[in-house]
Amino acid sequence: MDYDPQVIEERWRERWASEGRYEAEPTADDGAIEKTFVTVPYPYPSGGMHIGHARTYTVPDVYARYRRQRGDAVLFPIAWHVTGTPIVGAVERLRNGEQRQIDSLQNAFGVPEADLRELETPMGYARYFIEEAASSYKRGMRRLGLSIDWRREFTTNDERYSRFVTWQYETLRERRLLEKGKHPVKYCTREENPVTTHDLLEGEEAEFQEYTLIRFEWERDDDVVIAPMATLRPETVRGVTNVYVDPAAEYVLATVDRESWLISEPAVEKLRLQQRSVEVVERFAGERVVGERVRNPVTDEAVLVFPAGFVDADNATGVVMSVPAHSPDDYVALREVQADAERLARAYGLEEASIRAIEPIPILTVEGYGTVPARTAVEDAGIDSSDDPRLDEVTTALYRDEFNDGRLTEAYGPFAGDVVRDARSSFRERHRDRGHFDTFYEFTEEVICRCGGAVAVAYQDTWFLRYDDPGWKEKAHRAVARLDAIPENTREQYADTIEWLNGWPCIRNYGLGTRLPWDPTFVIEPLSDSTIYMAYYAIAHRLEDVPVEELDREFFDTLFSGPEAVDDPNETAIALREEWEFWYPVDVRCSGNDLIRNHLTFFLYHHAELFEEPHWPRGITVMGMGLLEGRRMSSSKGHVVLPGDAIDRYGADTVRFFLLNAAEPWQDYDWQAEEVGTTRDQLERFWHHAQTIIEADRSRSSSELPSTEPDGGRSQLERIDRWLLANLQDTIREVTDALERFETRTASQVVFYRFEERLRWYRRRTDLDRPGAQSTLRAVLETRLRLLAPLIPFVTNELHEQLTGLPADDAPWPDPDHALEAPQVSAEERLVSALYDDIAEVASVTGTDPSTVRIYVAEGWKRQVLRAVVEQASGTDGVPQVGTVMASVMENDALRERGEEVNTVVARLIETVRDRGAGEVEHLDEIDELDVYDDASAFLSREFDAEVVCVPETETDDEKATDAIPLRPAIRLE
RNA sequence: GCGAGGGUGGCCGAGUCUGGACAAAGGCGGCGGACUUAAGAUCCGCUCCCGUAGGGGUCCGUGGGUUCGAAUCCCUCCCCUCGCACCA
């Protein structure tokens, strides 16, 4: 029978679906059956499924299948995340006929022209990629053979799900873990609307930058005008020697929140968006204020306003302060101003001397620079003009060094001696509280909306999840402490994330999802509506029968906290509570390692707050990223592989096996077509070997009576059979351990690749037609099929059923059989393979093709020495010392007489023994070497095409024989 | 800069926690052989250097150290990847 995965796999898919094989039900709670609840983040169908997703969902499937074989009730559900703007945005771009969007759908996911119309509503779009498209998630998941309970699927836009999220957010608000605050957002000034990253034409990488505004004061007539200097380095305020404006740009005098401010014209609109009232009073060119004096609020010093072409009136307030001691730009600019002092003095009515008198004011010391760091930086680089392109580099370098190593001077009082990185934010807070500083948001680069309008920072009212609440943080830490974090080194990352999290703005102005219950103009954003939905899975399919109106606060309070939590508990909720309690907590959540810093930590936070401790998550397994032929996958560039295509080409088992075996789940992996092809070949080879065994088994059982021997035929087993079966027991143990820890790669390496290697040796080593060999091979195949079933379910179920009449899924997980463990046999077999290598090496080095191989086995006193070494070794953890061994050996008169000879043998034996594991050492002196080599002589004779003779060294007069030492026979080739 | 993870043979990648079987698993690639009309598939062997007797030499980013013994432990330095947020 040929290996045809397409036929085999389709047959099993249909069988599983029609049997409802993976539909999970709670079992009677008599403690006899354990449960396992495994989840994976629900997919976001803003496009089709690619091969990276396939791995994400296959890893938990392996665990689900493994636990099922162990007898657990296993729940592995899935749903669909449609919250937020990505889908809405994609639909909009499609409606606008944007070619980039169309190309991406067609190239990456093979969407046919005719289907594009279906994608013109958000839920139509979502539905398409959930189940209709050739590249849809559901199709991909079914084809991969994921053991999902499909009855529980839902989307995050469903009415009932929204009621559940509503319950969550109302509860959090009541507990004051949800609070109102302000937050910067991207805002299109043309459409007058907030926008998301997907709506941008330019500046997708732009970040919000929080500028500090230093409120310099300009006394003008009787009025005090605030000149707000925008800076990212507020701690340099004491080093200001002057300020700059762009003389050619338009500036205004405006009333800002009832004060007079001097700002550039473009800053007016920005300030308005940042929730300030701004009325322009007067407009003029920047030149108008040159030569004025403004007073530093921190030092009380007044400094001059100079003109500078480098000032960008479009950035922040258009008024900047100059700190020549610490900014190479300012340093060079000041020198240029001073060189031009005469003209400036004349033009703006200043005293030339006061311009020339300006000196940089150092405010911090930093290693590797002089007292005026900017001067050092500029002079070392040999820069003498503000046009020098290297000015940027030295500026960046100096900013970095000052931030990390710069220590503030005495003038800073309480901050004196502090490193900037530690002092900056508290320094800023302090002066903000005193009314010296203000805040202004600006992007790091220009941002343009797809509509062509400029995007600015708007500072808006929003709701925050209080991840910074100390009580909540503490609970989250407790959830981390009791978590089974896989791999273990992620535990610290969760803890770090908790420490680092502040308030999280959890609503958006538009998008799909659940509305904020008390203000439906907002929608709860995707990372915030997906923190406890695993609880919803437990009862999702049951809620279908509950009228939506019944799903109120009390309903969910009853469901999750018990009937005593409310006055009038809903009967259905009480019934469903049992079901929920059966499945909860989540035993393992599998997710991408990039989600540690948000989703996974949120998941812990919300569970810790909303559920009792026994219902907190038990484990999280984190997964690595995928590469495609060494490069990052990218659906917009069409650099993707679709699971459907891969399955058509190689079969689902191959795709699974490759993904599971390419790396451990948490490591990054690389999809390489060539390697996948090899995997397919290996499965095919496995299939053919299995077929041979199955056929032999059939013809045997039809022609022979079943074995009636009381030991089940074990007496027919030879040493080499026992060796293979002993290996099988080790394999069972190792695979079980590996799967418990999600080490899918180790599991497949051990049971598949490493065992294939053992089988290769076995096949060479023995006559496979013996009944003992036949039954060994059959037993090995059956066990391996069960061990492989979680990884490659189609081919193993098929073969297991062919072999035993029962699918592998229905067969219990194998347990190691102690009667078959045989450490001594393993030690013996190592001697045979070492002997084989030695013969081969001698033959090759000497260039001989022997017709006779004589093997001389050490005897007599040498065995006594071995015994002494082994005794010492077992006393010292497997590491015998030469001195102690010699001492004990020399107590024996006969041995002492041999002196130097004994010494040599001891040294060599100690070396050999050290090379063995402690478990093996104790068996070494029990081995009957002659018997072992005799036993292997047929094999050796076949391999070397020579006569093989084993003789004790005492029974020959060949000089060579004296070279024999225990465990290392002497060899003569003739 | 801070935080996390890395640097192993032509390539990919185990090994590092818990030092000793490590010239270092496995795969890929390459070479040779068997089978075949041939190709493919499959099977076997070889694949750091030297060696006409099972041996020796060099090796795991760099440079030191600890140890009878270091890819593995400690220190120095160099390099790479990811994250430093409100995008899912």
Exercise. Would you indicate what A:Pro526 reaches in the nucleic acid, counting non-hydrogen atoms under 4.0 angstrom: base, sugar-phosphate, or nothing?
Key: sugar-phosphate
Quiz item: Using a cut-off of 4.0 Å on non-hydrogen atoms, how would the nucleic acid contact of A:Ile596 be classed: base, sugar-phosphate, or nothing?
Solution: nothing
Practice problem: Mind checking side chain to side chain contact (heavy atoms under 4.5 Å, CB included) for A:Thr56 and listing every partner two or more places apart, or none if nothing turns up? | Solution: A:Val40, A:Met623
Would you kindly give the [atom1]-to-[atom2] distance between [X] and [N], to the nearest whole Å?
| X | N | atom1 | atom2 | value |
| --- | --- | --- | --- | --- |
| A:Phe657 | B:G26 | CZ | C1' | 12 Å |
| A:Asp496 | B:G5 | CG | C1' | 14 Å |
| A:Ile486 | B:C17 | CD1 | C1' | 16 Å |
| A:Gln749 | B:C12 | CD | C1' | 12 Å |
| A:Gln691 | B:U42 | CD | C1' | 16 Å |
| A:Lys186 | B:C86 | NZ | C1' | 9 Å |
| A:Arg745 | B:G13 | CZ | P | 9 Å |
| A:Leu600 | B:A88 | CG | P | 16 Å |

Quiz item: So, does A:Glu953 use its side chain to make a donor-acceptor pair with the main chain of A:Tyr856 at under 3.5 Å?
Solution: no
Taking only residues two or more places apart in sequence or in another chain, which ones pass side chain to side chain donor-acceptor pair (under 3.5 Å) with [X]?
| X | answer |
| --- | --- |
| A:Asp461 | A:Lys182 |
| A:Thr848 | A:Thr846 |
| A:Gln667 | none |
| A:Glu684 | A:Arg680 |

Quiz item: Which pairs, with at least one residue in residues 835-857 of chain A and sequence neighbours excluded, count as a salt bridge (charged side-chain N to carboxylate O under 4.0 Å, His left out)?
Solution: A:Asp838-A:Arg968, A:Arg854-A:Glu974
Taking distance alone, no hydrogens or angles, what donor-acceptor pairs closer than 3.5 Å link side-chain atoms of residues 591-605 of chain A to residues at least two apart or in another chain?
from	atom 1	to	atom 2	distance (Å)
A:His599	NE2	A:Ser530	O	3.4
A:Thr601	OG1	A:Ile596	O	2.5
A:Tyr605	OH	A:Tyr467	O	2.7

Quiz item: Are A:Arg233 and A:Tyr399 in a cation-pi setup, meaning NZ or CZ lies under 6.0 angstrom from the ring centre and within 45 degrees of the ring axis?
Solution: yes
Self-check item: Cation-pi check, A:Arg765 onto A:Tyr836 ring (under 6.0 Å, within 45° of axis)
Solution: no
Exercise. Measure from the ring center of A:Phe657 to the ring center of A:Phe752 and say whether it is less than 6.0 Å.
Key: yes
Exercise. Starting at the 5' end of nucleotides 51-56 of chain B, put B wherever the base has a protein heavy atom under 4.0 Å, S where only the sugar-phosphate does, and a dash everywhere else.
Key: BSBBB-
If the [atom1] atom of [N] is compared with that of [M], how far apart are they to the nearest Å?
| N | M | atom1 | result |
| --- | --- | --- | --- |
| B:U62 | B:C73 | P | 16 Å |
| B:C2 | B:G13 | P | 28 Å |
| B:U47 | B:C11 | C1' | 14 Å |
| B:C48 | B:G27 | P | 15 Å |

Quiz item: Got a salt bridge between A:Arg424 and A:Glu235, using NZ or NE/NH1/NH2 to carboxylate O under 4.0 Å?
Solution: yes
Quiz item: Does B:G3 have a Watson-Crick or wobble mate here (both distances under 3.5 Å), and if so which one?
Solution: B:C82
Quiz prompt | Interface with RNA chain B, restricted to residues 458-469 of chain A and to heavy atoms under 4.0 Å | solution = none
What pairs of nitrogen or oxygen atoms, one from the protein and one from nucleotides 27-33 of chain B, lie under 3.5 Å apart?
from	atom 1	to	atom 2	distance (Å)
B:C28	O2'	A:Glu674	OE2	3.4

Using a cut-off of under 3.5 Å, enumerate the N/O to N/O pairs linking the protein to nucleotides 79-85 of chain B.
from	atom 1	to	atom 2	distance (Å)
B:G83	O2'	A:Arg597	NE	3.4
B:A85	N6	A:Asn502	OD1	2.8

Which atom pairs, one a donor and one an acceptor, fall under 3.5 Å between side chains of residues 498-505 of chain A and the rest of the protein, sequence neighbours left out?
from	atom 1	to	atom 2	distance (Å)
A:Glu499	OE2	A:His477	NE2	2.8
A:Trp504	NE1	A:Glu525	OE2	3.1

Exercise. Among A:Phe944, A:Trp761, A:Tyr933, find the one that has a ring pair (Phe, Tyr, Trp, His ring centres under 6.0 Å) with A:Phe939.
Key: A:Trp761
Quiz item: So do A:Val88 and A:Leu512 actually touch side chain to side chain, heavy atoms under 4.5 Å?
Solution: yes
Self-check item: Most 5' of A:Ala663 and A:His183 on RNA chain B, judged by nearest nucleotide
Solution: A:Ala663
